[in-house]
Asker: 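Quick one: this structure, given as structure tokens, is what I'll be asking you about.
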Amino acid sequence: MSQRQMQGQPMIILGEDSQRMKDKSAQEHNISAARAVAESVRSTLGPKGMDKMLVSSMGDVTVTNDGVTILQEMDIDNPTASMIVEVAETQEDEAGDGTTSAVAIAGELLKNAEDLLDQDIHPTAIIKGFNLAATEAKAAIEDISTEVDPDDEELLQKVAETSMTGKGAELNKELLAQIIVDAVNAVTVETEDGEHVVDLEYLNIETQTGSAAGESELLEGAVIDKDPVHEEMPTAVDDADVMLMDTAIELEETEVDAQLSVDDPSQLQNFLDKEEQQLKDLVEKVEATGADVLFCQKNIDDMAQHYLAQKGILAVKRAKKSDIEFLKEVLGANVVSDLDSASEDDLGHGSVSRDEAEGLFYVEGSGDEAHGVTLLLRGSTDHVVDELERGVQDALDVVAATVTQGQVLGGGGAPEVEVAARLRDYADGVEGREQLAVEAFADALEIIPRTLANNAGLDSIDTLVDLRAAHEDGEVSAGLNVFTGDVEDTLETGVVEPSHAKRQAISSAAEAANLVLKIDDIIAAGDLSTSGDGEEGGPGGAPGGAPGGMGGGMGGMM
């Protein structure tokens, strides 16, 4: 607690339930929490990485080795640990892949920083050294990267295969890689200045269980997993005029409860007839626009379904909002919210067909304004297809980043070993204690090849020695083949990663580590001790069991 001696008595200015941890204790606590997060996902790294089974409080089971999914699903209540989770989320948003690498590097940076703190090196010197090292590391990655032609489909397929290796999509990675490259090409446009822009908003992913992953396919247009609302409706319409709605076709309920008194049955029938006429009027408004297909995001009343079927209009109700938004792009349509103002100009144009065996609608647009493709992923069970979708989504992101950024480098730990060697050379020219921080940064990067070796059952020390020797001989792309244990040119053997993901991982890890290191005081408004030992720090002191007691619980992770 902040205290001031007044007339021989300490003045306590924080509440009774407040707790405080400062200086060495705060640093140790923060570093321990961050390292616990990194260690929780490290075993998932690489082609030989293991999977995690995550069971939610509701009993939902997720089996995955995707770093960001694991961290998001875990019940983490430690504020410092949550900051490291943000590293994975940022990496996922910016690069699409490399989340486990980013978190592992952040954890190792803090581990090495703790050793420097024990040597009485001030955090500001460490932070400055880390910033220097991160800048130099990103420049080194730029230097060792290889330019890639966006039209080089073979190389793009290798990028996709590398991303999917070790994930649920690995068994069919060659087929899926080809589909992924085709999908990215379908939504890539070249700007006037020669830049390639990939807009994944025009690519939709649909999943279906009951088939093998090898039966996945790329389809023009959209795939809607819905049934017609009435069995008398047509199931296929060529040259269709399609209306998209985000409001229900049903009678509006009154805002207040109302009672209706009738004197004889004819009055009740008259009331029902008026309701029926109102629904009929709504359907006629749909027909008046010229629409012969209707996709509605909300409900369609049973009576309205009957009238739509009578008029030969194909209708689907309760379509997903994401499907409606995607159909808007595929068909070049506007989403109708009010039938009174709907017109022919709001309609989209294309063809709608149905595969009865699969239970799917295929919607393909026509005209210049229509664009969009759907990646239909198939798997045997929900768990299989969910993990397949995560792997494919990562591969899509890295291929898109490769097309946009135009740079790749070899995988298998090759970039980290090369950059680490260059950082050690760079450290010789850095003055002051920052030099030790730059060297610590270099050592931290080598956690990637060491972890790859450990997860493959190989000796990490021998592997690192062999990799360093190869890079000293000028083999910039020398990486680890986790299947054979050999050191080889990973760029030539097809283990290829986008440079953008590496730069982002280093940048995110360094910023997160520096953020944690800059904290020397934790003031909590309430009891953050989750150790369950019953000890609590009194006002003016650290919580009982510090450094681990303050927010130590991480959902059973540690």
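Just so it is clear, the model here is predicted, and its values are computed rather than measured.
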Asker: Is there a side-chain contact (heavy atoms from CB on, under 4.5 Å) between Ile506 and Ile141? Walk through the geometry before answering.
Answerer: CA-CA 10 Å; Ile506 289 174; Ile141 287 175; 3.4 Å; yes
Asker: Which heavy atom of Ile179 sits nearest to which heavy atom of Leu218, and what is that distance?
Answerer: CG2-CB, 3.8 Å
Asker: Return yes if some donor-acceptor pair links the side-chain N/O of Thr162 with the main-chain N/O of Val496 below 3.5 Å, else return no.
Answerer: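 At least one qualifying donor-acceptor pair exists.
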Asker: Is Gln310 atom CD crowded by more than 12 heavy atoms from other residues, nucleotides or ligands, each under 6.0 Å away?
Answerer: yes
Asker: Measuring only between side-chain heavy atoms, which start at C-beta, is Ile519 closer than 4.5 Å to Met83?
Answerer: yes
Asker: Please examine the side chains of Val184 and Leu396, heavy atoms only from C-beta on, and report whether any two atoms are closer than 4.5 Å.
Answerer: yes
Asker: Quick one: pull up OG1 in Thr100 and CD1 in Ile70 and give me the separation to the nearest 0.5 Å.
Answerer: 6.5 Å
Asker: Write down the atom of Ala160, the atom of Ala177, and the distance for their closest heavy-atom approach.
Answerer: CB-CB, 3.9 Å
Asker: Restricting to ring-ring contact (aromatic ring centres under 6.0 Å, His included), what partner residues turn up for Tyr202, sequence neighbours left out?
Answerer: His371
Asker: Between the side chains of Lys158 and Glu161, is the shortest nitrogen-to-carboxylate-oxygen separation below 4.0 Å, so that they form an ion pair?
Answerer: no
Asker: Got a donor-acceptor contact below 3.5 angstrom from the Asn172 side chain to the Leu175 backbone?
Answerer: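 No.
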Asker: Whether the side chain of Ser40 engages the backbone of Val37 through a donor-acceptor N/O pair (distance < 3.5 Å, no angle test) should be reported.
Answerer: yes
Asker: Supply the atom-to-atom distance Ile205 CD1 to Phe326 CZ, rounded to the nearest 0.5 angstrom.
Answerer: 10.0 Å
Asker: Give a yes or no on whether the backbone of Leu347 and the side-chain of Asp241 come within a donor-acceptor separation of less than 3.5 Å.
Answerer: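 Checked: no pair found.
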Asker: I want to check something: taking the side chain as every heavy atom from C-beta on, are Glu89 and Glu86 in contact at a cut-off of under 4.5 Å?
Answerer: yes
Asker: State whether the number of non-hydrogen atoms from other residues, nucleotides or ligands found under 6.0 Å of Gln277 atom CD is greater than 12.
Answerer: yes
Asker: Do any N or O atoms from the side chain of Ser145 and from the backbone of Leu409 form a donor-acceptor pair under 3.5 angstrom?
Answerer: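 No, because the side chain of Ser145 does not come within donor-acceptor range (under 3.5 Å) of the backbone of Leu409.
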Asker: Testing Asp323, Val330, Leu376, Leu327 one by one against Asn204 for a side-chain contact (heavy atoms from CB on, under 4.5 Å), which residue passes?
Answerer: Asp323
Asker: Going by atom types only, do Glu387 and His383 share a side-chain donor-acceptor pair under 3.5 Å?
Answerer: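 No - no donor-acceptor pair under 3.5 Å links their side chains.
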Asker: So, are Lys321 and Asp246 salt-bridged, with charged N and O less than 4.0 Å apart?
Answerer: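 Looking at Asp246 together with Lys321, the answer is no, because their closest N to O distance does not fall below 4.0 Å.
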Asker: Ignoring hydrogens and angles, tell me if any N or O in the side chain of Asn514 forms a donor-acceptor pair with the backbone of Glu511 under 3.5 Å.
Answerer: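 Answer holds: no.
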Asker: Keeping the roles fixed (side chain from Gln91, backbone from Ala501), state whether a donor-acceptor pair exists under 3.5 Å.
Answerer: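 The answer is yes, because a donor-acceptor pair under 3.5 Å joins these two groups.
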Asker: Are the side chain of Thr490 and the backbone N or O of Gly411 linked by a donor-acceptor pair below 3.5 Å?
Answerer: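 Yes.
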Asker: Do the side chains of Val398 and Glu497 get nearer than 4.5 Å, heavy atoms only?
Answerer: no
Asker: Distance from Thr99 atom OG1 to Asp394 atom CG, nearest 0.5 Å?
Answerer: 7.0 Å
Asker: For the pair Glu94 and Arg503, find out whether any cationic side-chain nitrogen is under 4.0 Å from an anionic carboxylate oxygen.
Answerer: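 No salt bridge links Glu94 with Arg503.
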Asker: Looking at Arg390 and Thr69, what are the two nearest heavy atoms and their distance?
Answerer: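 Reported closest heavy-atom pair: CD-OG1, 3.3 Å.
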Asker: With distance as the sole test, does Lys226 use its side chain to make a donor-acceptor pair with the main-chain N or O of Arg318 at under 3.5 Å?
Answerer: yes
Asker: Regarding Asn334 and Asp345, is there a side-chain donor-to-acceptor distance under 3.5 Å anywhere?
Answerer: no
Asker: So with a 6.0 Å cut-off around CD of Glu217, is the heavy-atom count from everything else above 12?
Answerer: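 Result for CD/Glu217: enclosed.
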Asker: Does Asp239 have any side-chain hydrogen bond (donor to acceptor under 3.5 Å, both in side chains) partners at least two apart in sequence or in another chain, and if so, which?
Answerer: none
Asker: Using every non-hydrogen atom in the two residues, find where Asp346 and Ser341 come nearest and quote the distance to one decimal.
Answerer: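 Heavy atoms only, the tightest pair is OD2-O, 4.0 Å.
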Asker: For the residue pair Lys52 and Ser43, confirm or rule out a side-chain donor-acceptor distance under 3.5 Å.
Answerer: yes
Asker: Would a 4.5 Å heavy-atom cut-off, applied to side chains only, mark Asp152 and Leu156 as touching?
Answerer: no
Asker: Just by modelled atom types, is the Asp238 backbone N or O under 3.5 Å from a matching donor or acceptor in the Asp292 side chain?
Answerer: no
Asker: With heavy-atom distances below 4.5 Å as the criterion, would you say the side chains of Asp386 and Thr62 are in contact?
Answerer: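 No, their side chains stay 4.5 Å or more apart.
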Asker: Return the OG to NZ distance between Ser101 and Lys502, rounded to the nearest 0.5 Å.
Answerer: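 With rounding to 0.5 Å, OG (Ser101) is 4.5 Å from NZ (Lys502).
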Asker: Does the side-chain contact (heavy atoms from CB on, under 4.5 Å) test come out yes or no for Phe361 and Val223, once each step is laid out?
Answerer: CA-CA 6 Å; Phe361 277 110; Val223 176; over 6 Å; no
Asker: Fit a plane to each ring of His230 and His306, take the angle between them on a 0 to 90° scale, and name the class: parallel (under 30°), tilted (30 to 60°) or perpendicular (over 60°).
Answerer: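 The arrangement is tilted - the two ring planes meet at 30° to 60°.
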Asker: So how far is it from Thr402 OG1 to Asp397 CG, rounded to the nearest 0.5 Å?
Answerer: 10.5 Å
Asker: Are Glu358 and Gln208 packed together at the side-chain level, in the sense that at least one heavy-atom pair is separated by less than 4.5 angstrom?
Answerer: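 Sidechains of Gln208 and Glu358: in contact.
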Asker: Is the closest side-chain heavy-atom distance between Leu219 and Glu206 below 4.5 Å?
Answerer: no
Asker: For residues Gln407 and Glu142, is any side-chain donor paired with an opposing acceptor at under 3.5 Å?
Answerer: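 Short answer, yes.
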Asker: Other residues, nucleotides and ligands only: do more than 12 of their heavy atoms fall within 6.0 Å of CD on Glu231?
Answerer: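 Atom CD in Glu231 is not crowded, with 12 or fewer foreign heavy atoms closer than 6.0 Å.
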Asker: Rounded at 0.5 Å granularity, tell me how far CD1 in Ile313 sits from CE in Met233.
Answerer: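 CE of Met233 is found 8.0 Å from CD1 of Ile313.
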Asker: Evaluate the criterion side-chain contact (heavy atoms from CB on, under 4.5 Å) for residue pair Lys138 and Ser507; output intermediate values, then yes/no.
Answerer: CA-CA 8 Å; Lys138 288 185 283 186; Ser507 180; 3.8 Å; yes
Asker: I'd like to know whether His500 forms a side-chain contact (heavy atoms from CB on, under 4.5 Å) with Thr404, so could you lay out the CA-CA distance, the side-chain angles of the two residues, the decisive distance to 0.1 Å, and finally the verdict.
Answerer: CA-CA 10 Å; His500 175 62; Thr404 303; over 6 Å; no
Asker: Would you call Lys317 and Glu250 a salt bridge, using N to O less than 4.0 angstrom?
Answerer: no
Asker: Looking only at non-hydrogen atoms, find the nearest pair between Thr64 and Leu54 and report the distance.
Answerer: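 Closest approach of Thr64 to Leu54, heavy atoms only: CG2-CD1, 4.4 Å.
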Asker: How far apart are the closest heavy atoms of Val316 and Ile300, and which atoms are they?
Answerer: O-CD1, 4.1 Å
